[in-house]
Amino acid sequence: MTRVWFLPVLLVVVGSAVATALFLDGSPGAAAALLLVFVLLAGVNSPLIFPRSIGALEAQRRSVADGRPIVYWRPGCPYCMRLRVRLGRVARRAHWVNIWRDPAGAAAVRAVNDGNETVPTVVVAGQPHTNPDPEWARDHLFPSA
């Protein structure tokens, strides 16, 4: 749990320190703008922008039942963020598994990526796709979107 929030908290702390220094130097506008940038970066790097994660076993069970893809991800991963943002609202149709919270999810990713925890790994109909192009994912995984 701590690892998930380390980067967002670090960004807020560093941003606050730099903004305080700018404010004390007489630049309140620059301090506010910089703090806003750091808070936005923290938000984007937090697990808050991703759909609610479930366990790998539950995701696999649900995927078999409803045919939706499984997306294995981890907080702070720029490729995961890119995929999430590019998918937009249709991202909620997938089953998301945070590999830092779920050891079974991390094991599933390692099993299909030669022992590496390379994310995002998207599994659809049992077929893994490591770091797929977001446009491909949108067109092939969610054709009606």
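These figures come from a predicted structure and were not determined experimentally.
- Scored by the side chain to side chain contact (heavy atoms under 4.5 Å, CB included) test, Val112 finds Thr121, Pro128 as partners (sequence neighbours excluded).
- Hydrophobic clustering, defined by side-chain heavy atoms of Ile, Leu, Val, Met, Phe, Trp and Tyr closer than 4.5 Å, leaves Val12 isolated from every other such residue.
- Checked against salt bridge (charged side-chain N to carboxylate O under 4.0 Å, His left out), Asp66 has the following partners two or more places apart in sequence or in another chain: Arg68.
- Taking Thr130 as the reference, Asn113 meet the side chain to side chain donor-acceptor pair (under 3.5 Å) condition, with sequence neighbours excluded.
- No chain of hydrophobic side-chain contacts below 4.5 Å, direct or via other Ile, Leu, Val, Met, Phe, Trp or Tyr residues, connects Trp100 to Leu57.
- Among residues at least two apart or in separate chains, ring-ring contact (aromatic ring centres under 6.0 Å, His included) pairs with a member in residues 106-129 are His129-Trp136.
- Considering all non-hydrogen atoms of both residues, Val119 and Cys77 come closest at O-SG, 3.7 Å.
- Cluster annotation: Val64 and Val123 are assigned to distinct hydrophobic clusters (Ile/Leu/Val/Met/Phe/Trp/Tyr, side-chain heavy-atom contacts under 4.5 Å, transitive).
- Of all non-hydrogen atoms in Val122 and Pro69, the two that sit nearest each other are CG1-CB, 4.1 Å.
- Checked against side chain to side chain contact (heavy atoms under 4.5 Å, CB included), Leu10 has the following partners two or more places apart in sequence or in another chain: Phe6, Val14.
- One N or O on the side chain of Thr20 and one on the backbone of Ser16 form a donor-acceptor pair closer than 3.5 Å.
- The salt bridge (charged side-chain N to carboxylate O under 4.0 Å, His left out) pairs that include a residue from residues 106-128 are Arg110-Glu117, where partners are two or more places apart or lie in different chains.
- In this structure, Arg82 and Pro132 approach most closely via the heavy-atom pair NH2-O, 4.0 Å.
- Val97 and Ala59 get closest at one heavy-atom pair: CG2-CB, 3.6 Å.
- Sequence neighbours left out, not one pair with a member in residues 20-34 passes salt bridge (charged side-chain N to carboxylate O under 4.0 Å, His left out).
- Annotation: the span from Leu40 atom CG to Leu36 atom CG amounts to 4.5 Å, rounded to 0.5 Å.
- Atom SG of Cys80 sits about 9.0 Å away from atom CG of Asn98, to the nearest 0.5 Å.
- Of the inter-residue distances, the one linking Leu7 atom CG with Leu41 atom CG reads 8.5 Å to the nearest 0.5 angstrom.
- Under the rule for a side chain to side chain donor-acceptor pair (under 3.5 Å), the partners of Arg61 that lie at least two apart in sequence or sit in another chain are Glu58.
- Counting only residues at least two apart or on different chains, the salt bridge (charged side-chain N to carboxylate O under 4.0 Å, His left out) pairs with a member in residues 124-137 are Arg86-Glu135.
- Listed by first then second residue, pairs satisfying salt bridge (charged side-chain N to carboxylate O under 4.0 Å, His left out) with a partner in residues 118-129 number zero, not counting sequence neighbours.
- Taking every heavy atom of both residues into account, Leu83 and Ala137 meet most closely at CD1-CB, 3.9 Å.
- Both Trp73 and Leu87 are part of a single hydrophobic cluster, where members link through side-chain heavy atoms under 4.5 Å apart.
- Looking at residues two or more places apart in sequence or on another chain, you find a side chain to side chain contact (heavy atoms under 4.5 Å, CB included) between Val13 and Val9.
- The shortest heavy-atom contact between Pro120 and Tyr79 is CD-CB, 3.6 Å.
- Between the side chain of Trp96 and the backbone N or O of Ala91 there is at least one donor-acceptor pair closer than 3.5 Å.
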